[in-house]
Each structure stands twice: as C-alpha cells, then as structure tokens.
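Presented below is the structure to which this report refers.
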Amino acid sequence: MEGALSKNPFQITTPEDLTADEMISLFVDEHTDLPKIVNPGHVFIKGPRGVGKSMLLRFLQPDCQCLYFEKELSQLDFLGIYIPLKNTNFSLTELRRLEDAHACDILNEHLLTCHCCVRVFEELESLQLSKVSLEDAKKYYSDVFEPLICNYLDCEYNIEECESVKDVFGKIKVIITKESRTITQYLRKLAFQTRILPYSGALFDYIDFLLPLLEGLTRIEGMPKKTVYLLIDDAHCLNETQTRVLNSWVGTRTSRKVSLKISTQYNYKTIYTVSGLTIDTPHDYTEIDMATIYTGKEKSNYKERVEKIVSKRLKAAGVDKTPQEFFPPDKEQEKAIQEIAEMYRKRHDLGEGKGYYRGDDALRYSRPDYIRGLAGQRKASSTYSYAGFDQLVHLSSGVIRHFLHPAYLMYAQESANKKGALIERIECETQTQIIRKEADNYLFEELDKLKNGGPENAWPSSSVEKLKNLIQGLGGVFRNILLSDRSERRVFSIALSGSVTDEVKSILDLGVQMGYFHKSTIGRKDSRSGGRTALYVLNRRLAPIWNLDPTSFAGYLSITNDTLIRLIQDPFGYLRKLELKTAAFDEETEYVQLSFFDQ
Amino acid sequence: MINESGEKMKCELSRFSEKFKEHFDLSIMMCSFEERSLSLIKNVERQQLGNVLIIYNEENEACRIQAKKAQEILVDNCVLLPVAINDPLVYADRVLGETSKYKEAKSVLIDVTTFTHEALLITLRICEMAFPKSNVKYAYANARQYCSDEIGEKKWLSKGITEVRSVLGYSGDLNPCNRDRLLVIVGYEYSRTIAAIEMIDPTELTLAYGKAEDATTEQDQDANAKFTDLVSSMAFAYPDINKLVIPCNDPVAAAKEIVQYVRSCSEENVIVLPMNNKLTTIAVEMAQRIEPTIQVCYVPAEVYNLENYSEPGEFVYFGEIYGAEIKERLNEIN
C-alpha cells in the first residue's frame, strides 16, 4: 500500500497508477447499481469530477477482477479493457479543418477506432497470459486480424516468429500504432492548408474493424469467453463529431458481444448519432448518475461508502482509529445540541411537541436552534463548528473527492502543526478552518477560474456573475429561514413554482453543470393531475458560507420566477429587504415539507 | 545583457536603433489592450521597420484603439489586419494570406510583446513557411510590473478559462499508450494555470519557472514564493511534481533546457503549456522545432484585467528566430 498512498492517507492517486492489490484494498463496493454496470449492455456512467467513475472502471479491469473474485482470466464473465479518452489527440485544433468538410465523420471514427485498438492491445500485453493458447493467438492474428488489415500492410509480418501470446498482441499493437500515426501525421499537414488534402491511409471503423477484432478475442483459449467491455473514460472530452461517432457505436445492437461502459461528466456533447438519429434509454443504453445515487434515496449507502473508504485509508496508513475517532466532532457543541434535543423530547412527552414522533422535533430543531443561538445575542455564527465525520460526509455532497480533498488539507495542516508526530486525529479547529476555506474557494475562486465547454457552448461571463448572485441570494434566503420561527428550518433546495424564463433556466442549468446545484424532480404539490417539477438542491459544500446546517434537509422552497430574477439581479438588495421584512417573501415563496418518498 | 554566444540581447528601448542598426523589409506586430503594444514603435526609427503589419483582435474595442494609435505613429506603409483571435483557423488563414503579399522580404521583425501565446506561436510558424530564406528576428518590450494596483497574491492578469486546445501547427506526436506529462511554464496567472491543469488532467506534472535574476519584469521578481503556493495547491492530485528552472530572458537557452528535459521523459507524451513571457514562448517554438513530438497547448482567458494589466518597462530584448545563425545554435542542442 505504501506505493499507492504517500504519507498523507488522503492523497488522491490516479486509478491507472494503482496496482490490482492497491485497487482492491481501496475500492469500496457500495454501489446499488453495480449489477447494471457489470451486466452486458451499454451503460453511461455520469457524475461530476471526483465521484469515483474512474475507480469503478479500474475495478472492472481483468487484473482486479481476477484478484477480487479469485478467478483465472478465462473464468471471468467479461474482458474489461480500459480506454481513456483524456488524450489531447482528440482535441487537436487541426481537426477543425475537417468540420463541415468531406469525410469528417469517417476520419474522426478512424481516429477513435485506432485509439481504442491501440489501447486494447496495450492492455492485453500487460495481462497475465501464461494460460492463453499461443496457437490460438497466432490463429487469431492470421484469421481475424490479418484479413482486416492486409490491404494496409506495407510489409509482411512473420507471426510464426512470435514466442509468446504477449509477442502476438505486441505485434498487432505496433501495426495499429503505425496506422494511428498516419492519421495524426495527415492532420498535422492540414494545419496551414486552406484546402483539404487527399487522405490515402487506412480507414477503420467500429462495425467492420473493431467489432470483429474484439469478438475474435473471446475465441482464444484462455481468454474470457463471454462479452468484451470497452471501459471508456471521460467521454465528455470528445468533440461533437467524435461524440456522434461514439453514439453511433452505442446505437448498434452489439452489446451481447461488445458492451460500451462510458463514463462522462455532465457536459457530454450530444445524444445524436452521425446519421442524425438519437440514442435512447433504456433500449440503447442504461444511464447511471453516480451523484444521484449518493444524494437521493440511497444517500445512506454513500455515508457507509465514505466510512469504508476512510477506514481502509487509515488502516493502510497505520492509524488505528475509526473515521469518527479520526474526525471527532466538537464535544461541547454536540453536548449543547444534545441538551436542546433533550429539551424537545421532554416537551413532546408533555404533549407540546409539533412532530408526530418523540424524536421529530429534536431532529428538526436542535441543531438549527443552536446555530440560531449563536447568531443571536452572541453574534457568533462563525464559531459554529463543522467538525465531525458525519458533518464532513454531508458537506461532501455525494462526491468522494470532496471529502478526500479537505481531509488531505486537514492532515497536511495537522502534520505541519504537530511537526512530524503521528497524526491520530484532526483537531476540530483544523477541520472547521479548512472546511470554511474550501467553501469560500468553491464559490468565489472556482467560479472565477473555471468554465465548462468549448467555444461552441462557452458561457459568457455575465452568466457566471448571475449564477454567483443566485447562489449568494439563495444562501442568504436559506440562512434567513434557519434563523426564523418556521416549522422546518433546514431548507437547502428550491422547486420552481410555475414556469421560468429561458434566462433563469439557463442560469440554473449552468449551476447544475458546474456542480453548484444537483437537479432532481419532485411531485407538483399544486397539481391535481400529478406531474413533476424540477428540484434544485444547493451543493452542501457551500453550507459554511452562510453557517447552514449541512446534516440534513427536510424541505424545499417553492419559488417563483420573479423572485429568482430578483435574486439574480440584486441578491443583497433582496436580502436586505427580507431582513427588514419589507419583501413579500412569504407570498412569493412557500416552504414545502418533503414527503418520505421524496427524501 | 549578453547571451551564451556573446550576443547583445537587451538594451534600453530608447537606444534600440542605436544598438541594433538593422533595417527590416517587414515588421509584424499585434496590438492588444496594453500600452506596451506601442513601446517599440514609439522608440524605433521609422525607416528601420519597413512595411508594418498591425494585427489586432477585431472583437475587442481596446485593441482596435491601440491599433489605430499604432497606425498614427507609423503614418504610412502600414496595414491594419483585424483578426478573430479566438478562432485559430481564421487567424492563421488571414495572417497567411496577408504575409503572402511580402514574399520578397529578406528580413522580418516580429514585435512579440503583446501577442497572445497562441497567436505568436502560429505566426512564427507562418513566418517560417512564408519567409524560408529570410532572416526573422524578434523584439520584446518588457513590463515594469504587472497589475500595479495590487500586491502579492492579489495580482491578477486574467480569469477563467473557456477551453484547452492544442496550438495549430504544434500537434506533436502523442502515443496513446504513453502517459501524458504536462509541462507548464508558469507565469503570474496561477488561478488560470490551476484551472488549465485540472481541465487537462495529465498523469504527470512538471512546473517550469524562471530564476528571479532572469525575470524580465523590473519589479515583482520574487515569483518563486507564489510558485511554491501553486505547487502546494496541486500536491493533492500530484504528489510528485517535477520542477524545472529555465531562463526567462534567453529563448535559446530556455529551449535547450526544455529539449533536454523532454528527452529525459522519453516514455511520456509531453504537452507544454506556455504561460510565462513571450521570450519563453519563443523558446517553446524552438524546442518544438527540434523535438516535434512535443505538443503545445493554449488556454484562452475568459476575462483580462483590461484596466491594469501591465506598465511598460524601459527595456527591449532582441534576437533571431529564423536564420543561419539561429539554425546553427539550435543544431548544437541537437
């Protein structure tokens, strides 16, 4: 484990760099949707950066599968080949010369196919192949590979000279790499040409080249017999033409033999294919949103997952503490909150409780009351401590990286403070300090520095400014609610009451795309005929900015388009009026309790 | 200031014509929103510059205004060339078209001062193609300081990035089986640098920076302190960040360092992101000329500090980019 984790147990290591042993020791299988991913069929795995998509794909590679299930290669249910697309050959500026030009789709498909093929045989070369038949491998070369490529071979390759299966796969890789360089060299020539040059190299595609190559692998003795999975990572890095090509692959009904497991962030370019059709779920592919898994109904699984991940990392670092012990809460604060909770339970016993169950009011009001108490006469909101494993899990908002990164910083800070001594806990003050700083960075610096997309869908700076206004406005509103006398003060989300303008929708969509909101749907409470409306949940990483309670939310604010526009245009003006109670806030918005089925 | 070959490379702007007596058939400059765009032409004798091509970003009014000012200073034999700076293909085609009118030019000067990194790299390659037998030189007017109304980490030159793209003509030769190493030539723009690194998300990371004594700005030469902050902030995802020191005032010497470093990473795809001054960008062009496997990329900024980007300095750096002498010096690196 020392190889995977440097001194800081929360250091991120790219999954590609993890050995199978390290991977198995770190990987936590708390995915309710893992069966959907490992069964044959095309799958899109969506989620923000850091949610664990690449770790999941790494787990599906043969070396990890063999180790985890204690199986031989031939016994595996599938052969998973990792195909990273974060390769800057796909974003060559020269490729723009082909746009709207003859054979743009074909050349991009050739580029993508070559990339996949080279990666396939690179990975096969690295496998434990001692039990794979050399004779079958040579037969694969002569009967499957050679007929596909014979027109492009400029010299004969004597496969009989190969002494191992690794040599055979290595030879295939060399040949395809050569063809792959032909296309990139061609693209290089286009740089300063105003007309398209003729292309005379090979043209490979999915149906006639890649599929037969992959299917042929399953007929080699010693290889997995069933399906080949292409584990395609970071598909959002493709340009629009390449994305259409990939969608065309998804649209082919070949998933019994070759399945595509595609990971992407939310800015995947299009669902159209090269022929202008769309790919649809569920009959072309299954879609899994990893962020939804961990913020929706299955959020309890997320906490368990984080707990297991942190436990494994601490153990590997030689720290004999549970995550709760390593990230302790502020004892005095928790004691004060428990005292308030106990008071509510006693009130319930006396028949003065609002909730049905004895613990309802305690859960609903104790922490908000404590925070309100800090804000009151003491004016000490900023002393609210976000320390404690539970709070840190909530603040990470369903993305494991957003737990690990602050944890990394906390550990580094603690190491600096304790000058090389063994770290067995992170002090509360350190936890809160780092969390507050990260919240500020997330809102103020991240919005300034990063935008998604390329020139065809880049967001103007005015939209980013509006998003910042909206977030600050909503944060202020939620703070206002927390400090109020409302029956439910733990509000962290909004639902749209009525229709919204295109501008407001675009700002909300930008917020979702950039991870500041998570979008879901909720039943319309005002519709007799049912139907649903969009629900936007603010990212809990932002909670410390307004000293909000991150541990749960049980309600949402039903909010009109007009209010949203006012927040977008002048959030602080609106909040000032709110504080003075001159805004018709209660008329424009409505708190709605989430039902059991919505949580 | 003298480079490795004993060549005088730096002098006061006001003494440029006195020190460097060459006359050029064609001069190419890019006017940005910075006052520095005009530093060289204000100080050089008009007849030295020959025909002048004034490139400017047609989508930015401040750039257009500077370009007009340049035209007023130069009076005649100058051509304004509006370009779409954010479309590298359109940029390249327009500059190619315009430079083809000066095929007979035997000596060319490029005032690199306020080009964008991408536009400069593309223009250099175009000049190599358009003027294969000519002598092409650069001049770079330094900045006294950047973002003078802020101090320390509050300085900002640009914010936000819209995308990362390879520079046209610098696609390199990347092997899909190799790990990607991003070599960032760090400048002042830490926020944009971090965003670029996160967007490119390479497997390995190297940060190159210049020594204080080589800095071309007259103030704020202590970039190392901020460089350390950058390293710290990236350490979460990159525990083994390599560091490389390069001279920021001598393109050939910097090119040598870059080439030697790239050759030491033979099992990796090296992608270079130049974010320092234009002299180091010229070095990147030279390095890529020697090692065409290098890919060079660029991150267009979303917003620039138009009000207070830089203050013009008093010095100019001068040297050769294409010509017999530079060919010989680069062959030595080979």
Side-chain angles (χ1 to χ4, degrees), chain A residues 6-8 10-14 16-17 49 83-84 86-89 91-97 99 114-116 118-119 121-123 125 173 177 180-181 184-185 187-188 190-192 194 234 237 401 404-405 408-409 412 445-455 458-461 464, chain B residues 86-89 92-93 95-97 118 122 125-126 129-130 156 159-180 182 190-196 198-204 232-233 235-240 269 271 292 295 297-298 300 302-303:
Chain A
S6 56
K7 296 166 194 168
N8 191 320
F10 305 105
Q11 176 82 60
I12 281 286
T13 303
T14 179
E16 282 181 79
D17 284 345
R49 187 168 181 256
I83 313 283
K86 196 166 278 187
N87 178 297
T88 42
N89 271 340
S91 59
L92 292 181
T93 301
E94 283 80 350
L95 276 167
R96 298 183 193 189
R97 289 278 187 211
E99 280 167 21
C114 283
H115 178 78
C116 290
V118 171
R119 292 294 308 198
F121 291 98
E122 163 82 0
E123 179 138 350
E125 245 191 317
K173 186 184 84 172
T177 302
S180 171
R181 293 191 70 209
T184 51
Q185 282 165 2
L187 290 173
R188 213 173 295 142
L190 294 182
F192 299 108
T194 50
D234 294 317
C237 292
R401 190 183 180 107
L404 292 175
H405 184 218
Y408 170 89
L409 295 173
E445 290 196 19
E446 291 286 332
L447 267 178
D448 277 347
K449 81 183 178 194
L450 186 60
K451 278 179 164 28
N452 291 324
W459 294 92
S461 62
V464 175
Chain B
N86 282 322
D87 190 328
L89 299 190
D93 292 347
V95 173
L96 259 169
E118 180 184 47
I122 293 174
R125 282 292 153 90
I126 288 173
M129 292 185 308
W156 74 280
K159 288 185 183 180
I161 66 172
T162 54
E163 61 166 334
V164 176
R165 59 185 181 233
S166 67
V167 178
L168 191 68
Y170 296 79
S171 54
D173 187 6
L174 306 189
N175 184 330
C177 297
N178 285 357
R179 297 163 73 79
D180 290 339
L182 180 65
Y190 293 99
S191 170
R192 200 166 138 212
T193 303
I194 291 172
E198 287 175 355
M199 196 175 256
I200 298 170
D201 200 13
T203 332
E204 308 290 346
S232 302
S233 68
F236 170 61
Y238 299 99
D240 298 313
N269 298 321
I271 301 149
Q295 183 177 98
C297 61
Y298 176 64
E302 200 260 325
V303 167

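Naming: A, B, ... by sequence-line order, numbering from 1 per chain.
Take F236(B) and apply the ring-ring contact (aromatic ring centres under 6.0 Å, His included) test, not counting sequence neighbours, and it matches H405(A), Y408(A). Scanning for salt bridge (Lys or Arg N to Asp or Glu O under 4.0 Å) contacts around R181(A) gives D173(B), with sequence neighbours left out.
Looking at L168(B), the atoms closer than 4.5 Å to chain A (heavy atoms on both sides) sit in the backbone and in the side chain alike. Heavy atoms closer than 4.5 Å to chain B are found in both the backbone and the side chain of L404(A). With a 4.5 Å cut-off on non-hydrogen atoms, D180(B) touches chain A through its side chain but not through its backbone.
Among the candidates P88(B), C297(B), A235(B), the residue making the largest number of heavy-atom pairs closer than 4.5 Å to chain A is A235(B). Counting heavy-atom pairs closer than 4.5 Å to chain B, the top residue among R49(A), R119(A), R97(A), E122(A) is R97(A). When the candidates H115(A), E123(A), R401(A), K86(A) are compared by the number of heavy-atom contacts under 4.5 Å with chain B, K86(A) comes out ahead. Taking G97(B), G172(B), P202(B), A92(B) one by one and counting their heavy-atom pairs under 4.5 Å with chain A, the maximum is reached by G172(B).
In this structure, CG in L174(B) is found 5.5 Å from CD1 in I271(B), a value given to the nearest 0.5 Å.
Between R165(B) and E118(B), at least one side-chain nitrogen of the basic residue sits less than 4.0 Å from a carboxylate oxygen of the acidic one, meeting the salt-bridge criterion. Ion pairing between a basic and an acidic side chain is recognised when a charged N comes within 4.0 Å of a carboxylate O; D17(A) and R179(B) show such pairing.
A donor-acceptor contact shorter than 3.5 Å links the side chain of N269(B) to the backbone of N175(B).
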